[in-house]
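Worth knowing before you read on, the calculation uses all heavy atoms, side chains too, and leaves out hydrogens, waters and symmetry mates.
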There are 2 protein chains.
Amino acid sequence: MRPTVHDIAAAAGVSLATVDRVLNQRPGVRLVTREKVEAAIRQIGYIRDVAAANLAKGRVYPLVFIVPTGDNSFMHGLRFEVHQATLRAGIERTDIRIIEVPPFDVPALAAALDTLQGHDIAGVALVATDAPEVSAAVDRLVSERIPVVTLVSDLTDSTRHHYAGIDNIAAGRTAARLLGRFLGGRQGDLTILAGSMLVRDHRERLQGFSAVMAEEFPKLRLLPVLEGRDDPELAQSLVSEALAESQDIIGVYSLGAGNRGLIAAVKAVRSTRELTVVVHELTQHTRAALQDGTIDAVLNQDAGHEVRSAVRVMKATADGQAVIADQERIRLDIFLKDNLP
Amino acid sequence: MRPTVHDIAAAAGVSLATVDRVLNQRPGVRLVTREKVEAAIRQIGYIRDVAAANLAKGRVYPLVFIVPTGDNSFMHGLRFEVHQATLRAGIERTDIRIIEVPPFDVPALAAALDTLQGHDIAGVALVATDAPEVSAAVDRLVSERIPVVTLVSDLTDSTRHHYAGIDNIAAGRTAARLLGRFLGGRQGDLTILAGSMLVRDHRERLQGFSAVMAEEFPKLRLLPVLEGRDDPELAQSLVSEALAESQDIIGVYSLGAGNRGLIAAVKAVRSTRELTVVVHELTQHTRAALQDGTIDAVLNQDAGHEVRSAVRVMKATADGQAVIADQERIRLDIFLKDNLP
DNA sequence: AAATTTTTGATTTACGTACATCAAAAATGG
DNA sequence: CCATTTTTGATGTACGTAAATCAAAAATTT
């Protein structure tokens, strides 16, 4: 049987009340007594029974998720997963509120963060647009001892407690190697479709992609990045235009969302030219395109994992508890047509 | 506030004791009363507070992991992860026992399973060697209402409750496509190294690999499978021999363990010939080989995830509880040198 | 209708922790 | 050494559920 507070009391030769004062950092304990108790805790290897403690406290964790609006499939999926998390609220003792803000809108995001100040909140998760105003707003929350987790896209120079998302530089590098090797030594141009250079994840993917291309695939030339704002229609017109302009394009890398438009553009020219295509985010559209051969590989982050991880980290941080680091590492999924889930 | 047993009692117009009898399937409740209570439970949306219930029951979950001995890195890693799980035993209310059996030894595995009969066990996880004797022994445990989970390698025609491992057919297919596309239309032979055709995961990987090769890469010819018994030294001699015998070999697929030997064999001929190599299981050896270019891709299953998933599923099954299916799906990791964790 | 069995209610204790209250003891100041 | 402050102990209640006991009520059998 694992030791309880009673065992600590006995081992330290003090009363239960004193043990409680030490454990919950209540005042009124002499330093020598506190140290005696802490020594006993370490010595008998006491671990607080979090379930019992939460039961006694009647604790609930009021959490806030700030997610972008926008009708691309990825954000749709992310909002769905947050919604799923609300359905588990009862059993997880969470109370999740969802705030939607326009995508890439720095003032709106900063304002949304600032409304949370002073409230009784156990954690905030946000899809960050990487701007100093946002970092500053996050820092204000952190200084109020509110756990903050960035989701999907991280912040530069921020005091946020955790980032629940993939390593986007590695993702970009991986995309480059896949595209490069799949093209097998051919020479030609590549067109790159991003959402916005305002978000760190897109910038980092591009950075990783460019680095590997430059180092290892000198025969492939990168055309200027197209910014599709994760909007399917804009993406389609940009890509169609680029493909019409240059017949040397032999590969496409889409590092953002809005791939529905990209797929339409590629399909439109498919009968006349052969393109190797690597995109991000597995959605119903990219899945179908992977299966029918329009796309060659999909890099993915599992939004469900990210949301569940964010919840676990916020709860643990709120309690000053440790997490299984390895379990919270969000992995880059690579899907070929053969290993679709 | 979520409803409690008191609320059910009030809603159903019965006493707490009766609610308890219904909830815990104790005898002495008329059918009509039971139905009244069950209706109330559904109606007010009662969900049992598992933490409180476990506290009251003082429940611990005695779990058994049966893992193969053998000194290859993968099984080492797996045993390490099970050991890590034992360290979390306190907080997870588990009591994990580890039984080691010789690899690919059907009678030993069946015997180990049979010794568990009649004991008070909340769950058994085993790395299965796929044989009727093993399935039969598993079925005996299942018929005693003991939750059984296969780990890493599954059983054919078995009543086990769950399989905590990757889809190995998909893994084999993915390996084939990677190897095929990386070879970019070249013609030549491929050598395949397996551990043993006695385990289902190896058979399935081979099956998936062969299928895609036949369908989509007709220029690549598969040489007879080498069985290295997941033993590094045997693997090395088999692969060296094969490479010496045929100069047409341009690719290698290793679908089992013991890659230390394979890597040595490939390195030995590396100066004179170019090989594209895809292997399974990320270990310190395959990681280093991926980084130095000896290997082109590593397919991996995360042993830590598998073990943690197995524990969650056994506990949930023991309690007759549901799990988040998506969370328990073990994914195939694909590592290139760029996305190593 | 009485005797018997089955079903239901009322109540208590326990799990491990949190938190509050009040009294007692110890330390500190003058 | 007394008065004051600080520290410690003793005790009780609560969280939501499990599990047990005993009495009371209802249903069933004879």
Side-chain angles (χ1 to χ4, degrees), chain A residues 1-38 40-41 44-61 89-93 95 122 315 318-321, chain B residues 1-41 44-61 89-93 95 122 318-321:
Chain A
M1 234 29 213
R2 45 192 282 216
T4 73
V5 281
H6 294 84
D7 301 317
I8 306 177
V14 300
S15 74
L16 264 185
T18 302
V19 173
D20 179 67
R21 289 178 185 115
V22 173
L23 277 176
N24 296 293
Q25 302 163 90
R26 273 184 260 279
V29 184
R30 269 191 306 165
L31 185 63
V32 279
T33 314
R34 155 161 287 125
E35 280 169 349
K36 208 164 58 178
V37 173
E38 281 166 349
I41 290 176
I44 68 176
Y46 169 81
I47 304 166
R48 192 198 238 96
D49 184 328
V50 189
N54 282 343
L55 177 62
K57 276 193 282 209
R59 186 152 182 32
V60 290
Y61 300 82
I91 95 159
E92 291 182 342
R93 298 185 169 279
D95 175 17
K315 286 173 71 173
D319 290 341
Q321 281 246 314
Chain B
M1 233 34 217
R2 44 191 283 215
T4 73
V5 280
H6 294 84
D7 301 317
I8 306 177
V14 301
S15 75
L16 264 185
T18 301
V19 173
D20 180 66
R21 289 179 184 115
V22 173
L23 277 176
N24 296 292
Q25 302 164 84
R26 275 183 258 279
V29 185
R30 266 191 309 166
L31 185 62
V32 280
T33 315
R34 155 160 287 125
E35 281 168 350
K36 207 165 55 177
V37 173
E38 280 164 351
I41 290 175
I44 67 176
Y46 169 81
I47 304 165
R48 196 198 235 95
D49 184 329
V50 189
N54 282 343
L55 177 62
K57 276 193 282 207
R59 187 155 182 28
V60 291
Y61 300 82
I91 96 158
E92 292 181 344
R93 298 187 170 279
D95 175 17
D319 290 342
Q321 281 247 315

**Message:** Please pick, from dT17(D), dG16(C), dG9(C), the nucleotide with the shortest atom-to-atom distance to any side-chain atom of Thr18(B).
**Reply:** dG9(C)
**Message:** Using OP1 and OP2 only, check whether a side-chain N or O of Ser15(A) sits under 4.0 Å from dG9(D).
**Reply:** yes
**Prompt:** Expressed in angstrom and rounded to an integer, what is the separation of Leu31(B) atom CG from dA27(D) atom P?
**Reply:** 15 Å
Review item, side-chain donor-acceptor pairs of residues 3-10 of chain B, under 3.5 Å, at least two apart:
from	atom 1	to	atom 2	distance (Å)
Thr4(B)	OG1	His6(B)	N	3.1
Asp7(B)	OD2	Thr4(B)	N	2.7

**Fill in**
note: Arg2(A), atom CZ; dG16(C), atom P; distance rounded to Å ~ 9 Å
**Request:** Assign a letter to each nucleotide of nucleotides 19-30 of chain C from its 5' end: B, base within under 4.0 Å of a protein heavy atom; S, sugar-phosphate only; -, no contact.
**Result:** B-B-----S---
**Item:** Among dT17(C), dG9(D), dA18(D), the one nearest Val14(A) by side-chain distance
**Value:** dG9(D)
**Fill in**
To the nearest angstrom, the CG-P distance between Asn54(B) and dT17(C) comes to 15 Å
**Asked** Taking OP1 and OP2 of dA18(C), is either one under 4.0 Å from a side-chain nitrogen or oxygen of Arg48(A)?
**Response** yes
**Asked** Looking for any heavy atom pair under 4.0 Å, which part of the strands does Gly28(A) touch: base, sugar-phosphate only, or nothing?
**Response** base
**Request:** Return the set of residues passing side chain to side chain contact (heavy atoms under 4.5 Å, CB included) with Ile91(A) (not counting sequence neighbours), or none when no residue passes.
**Result:** Ile47(B)
**Message:** Rounded to whole Å, how long is the line connecting atom CD1 of Ile47(B) with atom C1' of dT17(D)?
**Reply:** 15 Å
**Fill in**
Asp49(B) atom CG is separated from dG16(D) atom C1', nearest whole Å, by 6 Å
**Complete:** Residue set satisfying side chain to side chain contact (heavy atoms under 4.5 Å, CB included) with Val50(A), at least two apart, ordered chain then number -> Asn54(A), Gln321(A)
**Request:** Measure the distance from CG on Leu55(A) to P on dA14(C) and round it to the nearest whole Å.
**Result:** 17 Å
**Prompt:** Any idea which of dT17(D), dA18(D), dT17(C) is nearest the Ala52(B) side chain?
**Reply:** dT17(D)
**Asp319(B) CG - dA18(D) P separation (whole Å)** = 10 Å
**Item:** Side-chain heavy-atom pair Ile41(A), Arg48(A) within 4.5 angstrom cut-off
**Value:** no
Can you give each donor-acceptor pair under 3.5 Å made by side-chain atoms of residues 11-21 of chain A, sequence neighbours left out, with the distance rounded to 0.1 Å?
from	atom 1	to	atom 2	distance (Å)
Ser15(A)	OG	Ala17(A)	N	3.4
Ser15(A)	OG	Thr18(A)	N	3.4
Ser15(A)	OG	Thr18(A)	OG1	3.4
Asp20(A)	OD1	Asn24(A)	ND2	2.9
Asp20(A)	OD1	Arg26(A)	NH2	3.2
Asp20(A)	OD2	Arg26(A)	NE	3.1
Asp20(A)	OD2	Arg26(A)	NH2	2.8

**Request:** List for me each residue that meets salt bridge (Lys or Arg N to Asp or Glu O under 4.0 Å) alongside Arg59(A), sequence neighbours excluded, and say none if there are none.
**Result:** Asp319(A)
**Request:** By nearest nucleotide on DNA chain C, pick out whichever of Leu16(B) and Val50(A) is the more 5' one.
**Result:** Leu16(B)
**Message:** Working to the nearest 0.5 angstrom, can you tell me the gap between Glu38(A) CD and Leu31(A) CG?
**Reply:** 8.5 Å
**Item:** Rounded distance in Å - CD1 (Ile91(A)) to C1' (dT17(D))
**Value:** 16 Å
